[in-house]
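All residue numbers in this chain count up from 1 along the given sequence.
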Amino acid sequence: MNISKYQLFTLNLLLWGCFCNYPIFAQNETAYPVKVQKLISAYPDFIKEYKDNYLIFNDNSKLIFDDGKSKSHDDLMKSPDIEDTFAYSYTKGIINLTIEKNSDPGRIRNDEFFKKMYGGTTSEVQKKLVEITWCPALVGQKLRITSVNNVHLQLQKISNELDKHPEWKDYLKSAGTFNWRIIRGTNRLSTHSFGIAIDLNVKYSHYWQWDCKCTTENTNLSYKNQIPQGIVDIFEKYGFIWGGKWYHYDTMHFEYRPELL
């Protein structure tokens, strides 16, 4: 039997792979669901693969991706699986101020997924926090942000760009970053708990609970915002989404969520 050079090379490669116990032909990631691909692309240092409806992490632990349940908005908020993260689509750039009721891209979060990456307790998260100087020329605040997933580097890039815009100075004073806490009226952790969020100046901010003086999700809201679009564009450029694109708006709030962008 005649064997071509290419066939001989392939045979040797396979034998070498078997001998070394090395996965020569890994599972094709493009065969994964699109939402899984987005997560792996956003967090490559943590998610190793997807198998049998589970996300497999680099430490070989796993979390279920899709529980297969049909959920109302209230259910999505209270008991989301990881797949539910994508229940509402986030749109970059300028948006229509009439946001569809309950469309909250990014508010639906599976806490266990974020704990896997950033820490499961306040002390675990704090060990990974670093200090940056926020807008040194215009503001000069010292802020603590997580170093996991290089979030601190992304926020520093945002700071560097915003620092070139003195016309936005009044908006840029930060109202806080890391704060391990439960969101008012819920049992859910704020993303501030993981050191991946920043709030801007409360003076120019609007928050749905403040405006409606309630915590009930199923309420009719009138959207309000004072944050300039240019600030939003710079945050989105580096992987941060804006709470001003939620029906339950929080216009001071930005958080690192590259999987949604």
Side-chain angles (χ1 to χ4, degrees), residues 21-92 103-129 145-155 178 180 182-183 186-197 236 238-241 246 254-261:
N21 194 28
Y22 188 81
I24 298 299
F25 300 114
Q27 183 176 353
N28 186 358
E29 289 185 8
T30 60
Y32 295 164
V34 172
K35 296 171 184 177
V36 171
Q37 292 180 46
K38 290 180 179 181
L39 289 167
I40 293 175
S41 177
Y43 307 112
D45 291 341
F46 287 91
I47 305 172
K48 180 168 65 173
E49 61 179 323
Y50 170 78
K51 186 176 181 181
D52 299 329
N53 196 31
Y54 282 90
L55 288 182
I56 314 296
F57 293 85
N58 286 338
D59 62 0
N60 291 319
S61 63
K62 61 184 181 180
L63 289 174
I64 192 167
F65 178 66
D66 184 1
D67 61 18
K69 298 178 181 178
S70 178
K71 298 172 185 175
S72 65
H73 176 77
D74 191 52
D75 294 331
L76 288 169
M77 297 303 300
K78 291 181 178 179
S79 55
D81 57 32
I82 299 172
E83 190 270 343
D84 291 330
T85 299
F86 302 95
Y88 304 112
S89 297
Y90 187 91
T91 302
K92 291 178 68 174
S103 179
D104 293 330
R107 283 187 77 225
I108 298 168
R109 299 181 295 265
N110 180 280
D111 281 352
E112 295 307 310
F113 176 74
F114 288 91
K115 287 178 180 179
K116 282 293 301 179
M117 295 190 291
Y118 299 108
T121 65
T122 182
S123 60
E124 288 181 1
V125 175
Q126 289 188 73
K127 290 175 183 177
K128 302 167 186 175
L129 297 178
I145 198 82
T146 188
S147 59
V148 177
N149 292 316
N150 288 324
V151 178
H152 66 306
L153 298 181
Q154 296 301 92
L155 190 62
F178 168 71
W180 185 276
I182 299 295
I183 300 170
T186 77
N187 61 357
R188 307 190 310 274
L189 284 170
S190 163
T191 49
H192 287 279
S193 302
F194 304 114
I196 63 173
E236 290 180 344
Y238 295 103
F240 282 71
I241 65 169
W246 301 337
F254 295 85
E255 62 184 64
Y256 186 71
R257 300 292 299 284
E259 71 274 23
L260 297 177
L261 291 165

A.B. asks: Measuring only between side-chain heavy atoms, which start at C-beta, is F86 closer than 4.5 Å to K38?
C.D. replies: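 With C-beta onward as the side chain, the pair touches.
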
A.B. asks: Got F254 and L155 here, is their nearest side-chain heavy-atom distance under 4.5 Å?
C.D. replies: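 A side-chain contact under 4.5 Å is absent here.
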
A.B. asks: Are any of the side-chain heavy atoms of I47 and I56 separated by less than 4.5 Å?
C.D. replies: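 Of all side-chain heavy-atom pairs linking I56 with I47, none is under 4.5 Å.
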
A.B. asks: Could you check if a side-chain atom of Y88 sits within less than 4.5 angstrom of a side-chain atom of R107, using non-hydrogen atoms only?
C.D. replies: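 Not touching, per the 4.5 Å side-chain cut-off.
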
A.B. asks: Check step by step if side-chain contact (heavy atoms from CB on, under 4.5 Å) holds for I82 and I64.
C.D. replies: CA-CA 7 Å; I82 299 172; I64 192 167; over 6 Å; no

A.B. asks: Would you check if K62 and D52 make a side-chain contact, meaning some heavy-atom pair closer than 4.5 Å?
C.D. replies: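 No. Closest side-chain heavy atoms not under 4.5 Å.
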
A.B. asks: Rounded to the nearest 0.5 Å, how far does OH of Y118 lie from CD1 of I196?
C.D. replies: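 I196 atom CD1 to Y118 atom OH measures 5.0 Å (nearest 0.5 Å).
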
A.B. asks: Out of curiosity, N58 CG to K116 NZ, how far, rounded to the nearest 0.5 Å?
C.D. replies: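 Reported value, rounded in 0.5 Å steps: 9.5 Å.
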
A.B. asks: Report the C-alpha separation of K115 and F194 in whole Å, then their side-chain angles, then the decisive distance to 0.1 Å, and conclude whether the side-chain contact (heavy atoms from CB on, under 4.5 Å) test is met.
C.D. replies: CA-CA 8 Å; K115 287 178 180 179; F194 304 114; 3.9 Å; yes

A.B. asks: Using distance alone, with no hydrogens and no angle criterion, decide if N187 and K78 have a side-chain donor and acceptor under 3.5 Å apart.
C.D. replies: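 Looking only at side-chain atoms, K78 and N187 do not form any donor-acceptor pair under 3.5 Å.
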
A.B. asks: Answer whether the closest heavy-atom distance between the side chains of Y50 and L39 falls below 4.5 Å.
C.D. replies: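 Result no, sub-4.5 Å side-chain heavy-atom pair not found.
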
A.B. asks: So, taking the atom named CD in Q126 and the one named CZ in F178, what distance separates them when rounded to the nearest 0.5 Å?
C.D. replies: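 It comes to 4.0 Å.
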
A.B. asks: For S61 and D59, test the side chains for any donor-to-acceptor distance below 3.5 angstrom and give the result as yes or no.
C.D. replies: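 There is such a pair between these side chains.
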
A.B. asks: Measuring from atom CG of L76 to atom OG1 of T85, what distance do you get when rounded to the nearest 0.5 angstrom?
C.D. replies: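 It is 10.0 Å, given to the nearest 0.5 Å.
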
A.B. asks: Between D67 and S79, what is the shortest heavy-atom contact and its length?
C.D. replies: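 D67 and S79 have their closest heavy atoms at OD2-O, 4.5 Å.
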
A.B. asks: Checking E83 now: which residues fulfil side-chain hydrogen bond (donor to acceptor under 3.5 Å, both in side chains) with it, not counting sequence neighbours?
C.D. replies: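 side-chain hydrogen bond (donor to acceptor under 3.5 Å, both in side chains) list for E83, sorted by chain: K35.
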
A.B. asks: What's the shortest heavy-atom distance between I108 and P80, and which atoms?
C.D. replies: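 Reported closest heavy-atom pair: CG2-CB, 3.5 Å.
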
A.B. asks: Between F113 and Y43, is the gap from one ring center to the other below 6.0 Å?
C.D. replies: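 Centroid distance F113-Y43: below 6.0 Å, so yes.
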
A.B. asks: Does W246 reach the main-chain N or O of S103 with its side chain, forming a donor-acceptor pair under 3.5 Å?
C.D. replies: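 Judged by distance alone, no pair lies under 3.5 Å.
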
A.B. asks: Should F46 and V148 count as side-chain neighbours, where that means a heavy-atom distance under 4.5 Å?
C.D. replies: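 SC-SC contact between F46 and V148 confirmed.
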
A.B. asks: Rounded to the nearest 0.5 Å, how far does OG1 of T191 lie from CZ of R257?
C.D. replies: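 Between R257 CZ and T191 OG1, I get 7.5 Å after rounding to 0.5 Å.
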
A.B. asks: For E259 and A42, indicate whether the former's side chain and the latter's backbone hold a donor-acceptor pair under 3.5 Å.
C.D. replies: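 Not a single qualifying donor-acceptor pair exists.
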
A.B. asks: Y256 pairs by side chain to side chain contact (heavy atoms under 4.5 Å, CB included) with which of N149, T146, I145?
C.D. replies: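 Answer to the side chain to side chain contact (heavy atoms under 4.5 Å, CB included) test with Y256 among N149, T146, I145: N149.
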
A.B. asks: With distance as the sole test, does S190 use its side chain to make a donor-acceptor pair with the main-chain N or O of I183 at under 3.5 Å?
C.D. replies: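 Not a single qualifying donor-acceptor pair exists.
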
A.B. asks: Should the pair K69-D81 be classified as a salt bridge under the 4.0 Å nitrogen-to-oxygen rule?
C.D. replies: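 No, this pair does not count.
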
A.B. asks: Going from CD on E49 to CG on N60, what distance comes out if it is rounded to the nearest 0.5 angstrom?
C.D. replies: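 Here the rounded value is 8.5 Å.
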
A.B. asks: Could you check whether S41 and Q37, counting side-chain N and O atoms only, form a donor-acceptor pair closer than 3.5 Å?
C.D. replies: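 Not at all, the side chains of Q37 and S41 share no donor-acceptor pair under 3.5 Å.
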
A.B. asks: Between D84 and K71, is the side-chain contact (heavy atoms from CB on, under 4.5 Å) condition met? List the steps.
C.D. replies: CA-CA 9 Å; D84 291 330; K71 298 172 185 175; 2.5 Å; yes

A.B. asks: Going through the distances and angles, do L153 and Y238 end up as a side-chain contact (heavy atoms from CB on, under 4.5 Å)?
C.D. replies: CA-CA 9 Å; L153 298 181; Y238 295 103; over 6 Å; no

A.B. asks: Evaluate the side-chain proximity of L261 to I241: yes if any heavy-atom separation is below 4.5 Å, no if none is.
C.D. replies: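 Side chain of I241 against side chain of L261, heavy atoms only: contact under 4.5 Å found.
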
